[in-house]
Number of protein chains: 2
Amino acid sequence: MAAGKTENGAGVSLDRMIQPMLLLLILKKPTHGYELIQSFNALHEGEIVEPGTIYRNLRRMEKEGFVLSSWEAAESGPARRKYAITGEGIKALQEAMLKLKQQKRQIEDFLTEYDILATRGSINEN
Amino acid sequence: MAAGKTENGAGVSLDRMIQPMLLLLILKKPTHGYELIQSFNALHEGEIVEPGTIYRNLRRMEKEGFVLSSWEAAESGPARRKYAITGEGIKALQEAMLKLKQQKRQIEDFLTEYDILATRGSINEN
DNA sequence: CCCCCATATATGGATATTGCCTATATAGAA
DNA sequence: TTCTATATAGGCAATATCCATATATGGGGG
């Protein structure tokens, strides 16, 4: 797949969903990368996302103007970079939602095609 | 940019669905690459898939044991490599379907989350 | 005081995948 | 002969993720 691992051979995991998912979380509550990682992994049990992937996507989205960051002191531990979504980011999120709806439809159509064949028994002769 | 296009920033087009889609088409009717390209593009109007991508995935799937090919003379024009699915290929297809179902659910959950926010009006203040 | 751990951010290298371009080859039509 | 349709395939550039690693702050235990 686009990179690394992808040995799966089928499907997308959450791959390209990461950016819109991050945007939605930030829209709900502006916060920093470390907390986003935790929210992410709490929300999708079993599916762990690499911290590097989160931080890289946050930096990238700031370059693209979808989010803005500002340093913030923590009560304890190192400073955090707090992210907030921009108007551009909201637009990007809306467009992403439309694409995801299309993808959902594509997957549904494909699943339907498969189920028709499976019902006819073309598949279960092992 | 070149590969993966992905300038979209959100979404996967048909990306990782290519292999299972090819397997399903071959399962329905063993055939050669050129016809698969046409079936593919006829089925998904507007979404054109690169011939190179199809041929590459077919060669790769043969290496992995999901399909078997044999040369066949055409009535006119160059010889064709006809593909048939194997038992391994059917298993791989079944696993891919399970993953796609999971992905569909993930997308649905995400869309629902978004819609809740949109309904509350957190998004349409432009 | 020093070491370890949790918190917090970030980058480099390896690997994988795809789009675009190009190369090869056969055979019928103009 | 040249053009087009059929048919397969590889090189290159771009991109994305994973894995490992680097850096840094501050609290607790010894």
Side-chain angles (χ1 to χ4, degrees), chain A residues 1-22 31-41 44 47-64 67 69-83 96, chain B residues 1-22 31-42 44 46-64 67 69-83 96:
Chain A
M1 229 144 284
K5 213 177 94 219
T6 311
E7 17 82 343
N8 49 32
V12 177
S13 76
L14 335 190
D15 297 11
R16 312 304 166 58
M17 281 217 278
I18 286 171
Q19 280 196 33
M21 279 174 154
L22 288 175
T31 186
H32 54 97
Y34 194 82
E35 196 176 79
L36 286 166
I37 293 163
Q38 313 217 306
S39 306
F40 217 104
N41 291 330
H44 313 281
E47 289 265 13
I48 296 143
V49 181
E50 286 301 308
T53 301
I54 302 283
Y55 288 117
R56 236 190 295 255
N57 274 288
L58 288 170
R59 304 308 302 124
R60 186 184 153 197
M61 287 198 291
E62 180 153 27
K63 258 192 218 155
E64 286 168 343
V67 292
S69 73
S70 54
W71 285 100
E72 234 193 9
E75 311 86 44
S76 115
R80 308 155 167 173
R81 200 191 270 276
K82 191 178 183 180
Y83 286 92
Chain B
M1 74 183 38
K5 203 165 99 216
T6 315
E7 19 85 337
N8 46 34
V12 176
S13 76
L14 336 189
D15 298 11
R16 311 312 162 55
M17 281 217 277
I18 286 170
Q19 281 195 32
M21 278 173 155
L22 288 174
T31 185
H32 53 97
Y34 194 83
E35 195 176 79
L36 286 166
I37 292 163
Q38 313 215 305
S39 306
F40 215 106
N41 292 330
H44 313 280
E47 289 265 14
I48 297 142
V49 181
E50 287 299 308
T53 301
I54 302 282
Y55 289 117
R56 240 184 309 225
N57 275 287
L58 288 171
R59 305 308 303 124
R60 187 185 151 196
M61 287 197 292
E62 181 152 30
K63 258 192 220 155
E64 286 168 342
V67 293
S69 73
S70 53
W71 285 100
E72 234 192 9
E75 311 86 44
S76 114
R80 308 155 168 172
R81 200 191 271 276
K82 190 179 182 179
Y83 287 92

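All figures in this text were calculated on a predicted structure; none of them were measured in a lab.
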Tabulate protein N/O versus nucleotide N/O from nucleotides 5-11 of chain D, keeping only pairs under 3.5 Å, one per line.
from   : atom 1 : to      : atom 2 : distance (Å)
D/dT6  : OP2    : B/Tyr34 : OH     : 3.0
D/dA7  : OP1    : B/Arg80 : NE     : 2.5
D/dA7  : OP1    : B/Arg80 : NH2    : 2.6
D/dT8  : OP1    : B/Arg81 : N      : 2.8
D/dT8  : OP1    : B/Arg81 : O      : 3.4
D/dT8  : OP2    : B/Gly33 : N      : 3.2
D/dT8  : OP2    : B/Tyr34 : N      : 2.5
D/dT8  : OP2    : B/Tyr55 : OH     : 3.0
D/dA9  : OP1    : B/Arg81 : NE     : 2.9
D/dA9  : OP1    : B/Arg81 : NH2    : 2.8
D/dG11 : O6     : B/Arg56 : NH1    : 3.2

A/Arg59 and A/Arg81: CA distance, side-chain angles, deciding distance, side-chain contact (heavy atoms from CB on, under 4.5 Å) verdict: CA-CA 10 Å; A/Arg59 304 308 302 124; A/Arg81 200 191 270 276; 3.6 Å; yes

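Between the P atom of C/dT17 and the NZ atom of B/Lys63 lies a distance of 11 Å, rounded to the nearest Å. Distance A/Glu50 CD to C/dA14 P: 17 Å, rounded to the nearest Å. Between the CG atom of A/Asn41 and the P atom of C/dT7 there is a distance of 13 Å, rounded to whole Å. One interatomic measurement links the two molecules: CD1 of B/Ile18 to C1' of C/dA16, which rounds to 13 Å at whole-angstrom precision. C/dT11 atom P lies 14 Å from atom CZ of A/Arg60, rounded to whole Å.
In this structure, B/Tyr55 and B/Ile37 have side chains that are in contact, with non-hydrogen atoms separated by less than 4.5 Å.
We find the CD-OG1 distance between A/Glu72 and A/Thr31 to be 8.5 Å, quoted to the nearest 0.5 Å.
The heavy-atom pair separating B/Tyr83 from B/Ser69 by the smallest distance is CE2-CB, 3.6 Å.
Taking the six-membered ring where tryptophan is involved, the planes of A/Phe40 and A/His44 are tilted, since the angle between them lies from 30° to 60°.
Each of A/Asn57 and A/Glu75 was matched to the nucleotide of DNA chain D holding its nearest heavy atom; the match closer to the 5' end belongs to A/Asn57.
Residue A/Leu36 is tested with A/Leu58, A/Val49, A/Asn57 for a side-chain contact (heavy atoms from CB on, under 4.5 Å); the sole match is A/Leu58.
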